There are 2 protein chains.
Amino acid sequence: MKTTREKILKAARETFIKKGYKGATTRKIAQEAGVSEVTLFRKFKSKSNLLREILNENAILSSQIFNKLTKSELRDKPEEFLYRLAEEFFKLVVKKKIDLIFIILVEKELEEHGLEEWKLLDSINKTLYTNLTNYFKERIKKGNIRKISPETAALIFVSYLSHLNLLSHFKECEIQEEKYIKNFINILLRGIK
Amino acid sequence: MKTTREKILKAARETFIKKGYKGATTRKIAQEAGVSEVTLFRKFKSKSNLLREILNENAILSSQIFNKLTKSELRDKPEEFLYRLAEEFFKLVVKKKIDLIFIILVEKELEEHGLEEWKLLDSINKTLYTNLTNYFKERIKKGNIRKISPETAALIFVSYLSHLNLLSHFKECEIQEEKYIKNFINILLRGIK
DNA sequence: AGGGAATGTAGGTACTTACTTACATTATGT
DNA sequence: ACATAATGTAAGTAAGTACCTACATTCCCT
């Protein structure tokens with residue numbers, strides 16, 4: 001049985017992604033969670049606070065995935081490592097409704113309210129990007145992969161996953177995760193030429 | 001000298017990207033354009049209409065780029081073709097403030113208003129994606145590139161460009177277009193391995 | 001069974017926003 | 001120079017939104 005808190009968090013995640021920060025009204029979120037609006041405000045002082053809690057949780061989950069894989073012996077096999085990383089991220093993102101790009105947009109809407117939370121808000125993307133960049137640097141040094149720009153490679157990875165995730169929110173285009181990820185890793189490793 | 005119409009369109013593009021659809025108030029747009037709010041409503045009946053005009057224009061511009069390049073002799077040299085395509089798109093997108101991803105998000109916010117305009121709204125991404133997919137298919141047939149999934153390759157291209165564009169809206173990260181695009185094409189063509 | 005915590009209901013406040021109306025002002029072309 | 005079109009100003013409307021208060025109801029623990 002889910003607690004009220006969890007129900008609200010889940011509904012908020014889904015609604016924020018579907019409607020954007022401003023578009024997701026507290027009434028709608030509460031309704032989606034099956035609780036009254038008052039309860040929402042009792043549990044999470046304000047709407048922006050509700051968002052903050054979600055983002056915090058997301059950042060933690062995102063780090064965990066990377067750390068887990070980094071510690072495994074997969075680390076030394078770039079192709080499998082990247083495949084598993086993409087897979088795990090995709091799963092997390094779809095299951096938990098963590099929308100990587102969405103976060104940036106929330107940011108924009110909050111900008112003028114003087115929030116200094118840039119760093120926090122962008123943390124998922126940034127975390128993955130930073131971790132991956134370091135990973136590529138290390139692999140280049142060890143001669144596992146050729147001498148490409150590690151930043152660019154990391155950016156390709158992050159952007160592809162974000163985009164795939166975005167697409168998954170549309171009913172029309174059913175995404176066959178496995179195929180899309182496998183093909184991607186294939187091209188990322190060997191190029192199209 | 002810019003016409004009032006053009007001033008409003010420009011301001012609207014910039015504000016929509018900065019604040020999102022809901023976040024961009026008509027007051028703010030008018031202010032940014034240096035005209036009164038009433039003028040905005042006189043020229044473009046409604047806010048959603050203003051958006052529609054922008055998206056229409058974007059879609060046309062996006063097609064033009066692809067068509068121009070396709071007709072040139074570059075078509076037969078994938079690496080240069082893709083480089084130029086990326087470059088031109090990036091220029092257009094930054095100069096004209098055409099945010100590829102933004103468009104999808106607008107869509108979400110409008111969803112419940114019963115807009116049936118899905119297809120229109122997503123047209124820039126879709127246009128580029130479709131055109132590129134066909135391009136890759138053709139190149140594979142002609143033996144210019146190896147046998148990869150053309151859809152996946154197109155998606156990598158579109159998502160990378162979108163993401164790069166998104167990043168360019170943040171003051172912090174100055175994007176050196178040339179380097180980012182060159183490195184990208186390098187990896188896309190030859191892989192990281 | 002009873003008492004305290006969690007939740008719901010109803011109503012309301014203060015604010016914002018898309019959009020309108022009525023009227024005044026400026027610019028433009030002939 | 002004058003009619004016409006384009007723009008501005010002021011004021012307002014109707015709807016929506018985040019969030020609050022007061023009180024009633026339900027649930028859970030002992």
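All values derive from a computational prediction rather than experimental measurement. Values reported hereafter were calculated over all heavy atoms of this structure, with side chains retained and with hydrogens, waters and symmetry mates removed. Below, read A as the first sequence line, B as the second, and so on, with proteins coming before strands; counting in each chain starts at 1.
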Fill in: Which residues share a side-chain contact (heavy atoms from CB on, under 4.5 Å) with A:Lys77, sequence neighbours left out
A:Glu80
Practice prompt. Taking the six-membered ring for Trp and the full ring for Phe, Tyr or His, determine whether the centres of A:Tyr160 and B:Tyr160 are under 6.0 Å apart.
Written response: no
Worksheet item: Between A:Lys28 (NZ) and D:dG16 (P), how many Å, whole number?
Response: 13 Å
Worksheet item: By ring-ring contact (aromatic ring centres under 6.0 Å, His included), which residues pair with A:Phe136, not counting sequence neighbours?
Response: none
Tabulate below the donor-acceptor pairs under 3.5 Å that side-chain atoms of residues 30-38 of chain A make, not counting sequence neighbours, or state none.
{"from": "A:Ser36", "atom 1": "OG", "to": "A:Thr39", "atom 2": "N", "distance (Å)": "3.4"}
{"from": "A:Ser36", "atom 1": "OG", "to": "A:Thr39", "atom 2": "OG1", "distance (Å)": "3.1"}
{"from": "A:Glu37", "atom 1": "OE2", "to": "A:Thr26", "atom 2": "OG1", "distance (Å)": "2.8"}

Worksheet item: Residues from residues 29-36 of chain A sitting under 4.0 Å of DNA chain C, heavy atoms only?
Response: A:Gly34, A:Val35, A:Ser36
Discussion item. Using five pairs at each end of the helix from C:dA1-D:dT30 to C:dT30-D:dA1 to define an axis, what is the angle between those two axes, to 10°?
Written reply: 30°
Discussion item. Taking only side-chain N and O atoms of B:Thr39, does any of them lie within less than 4.0 angstrom of OP1 or OP2 on D:dT7?
Written reply: no
Worksheet item: salt bridge (Lys or Arg N to Asp or Glu O under 4.0 Å) with A:Arg42: which residues, sequence neighbours excluded?
Response: none
Discussion item. Just to verify, what does A:Asn186 make a side-chain hydrogen bond (donor to acceptor under 3.5 Å, both in side chains) with, not counting sequence neighbours?
Written reply: A:Arg190, B:Arg146
Discussion item. I'd like to check the side-chain contact (heavy atoms from CB on, under 4.5 Å) partners of A:Ile60; sequence neighbours left out, ordered by chain and number.
Written reply: A:Gln64
Worksheet item: B:Lys47: what forms a salt bridge (Lys or Arg N to Asp or Glu O under 4.0 Å) with it, not counting sequence neighbours?
Response: none
Worksheet item: Rounded to whole angstroms, how far apart are NZ on B:Lys43 and P on D:dG8?
Response: 10 Å
Discussion item. In this structure, how many angstroms lie between the C1' atom of C:dT7 and the NZ atom of A:Lys2, rounded?
Written reply: 19 Å
Worksheet entry | Qualifying residues under salt bridge (Lys or Arg N to Asp or Glu O under 4.0 Å), relative to A:Glu88, sequence neighbours excluded | A:Lys68, A:Arg84
Fill in: Summary of protein contacts for nucleotides 13-30 of chain C, nucleotide by nucleotide, where a base hit scores B, a sugar-phosphate-only hit scores S (4.0 Å, heavy atoms)
----BSB-----------
Worksheet item: Listed by chain and number, what are the salt bridge (Lys or Arg N to Asp or Glu O under 4.0 Å) partners of A:Lys182, not counting sequence neighbours?
Response: A:Glu178
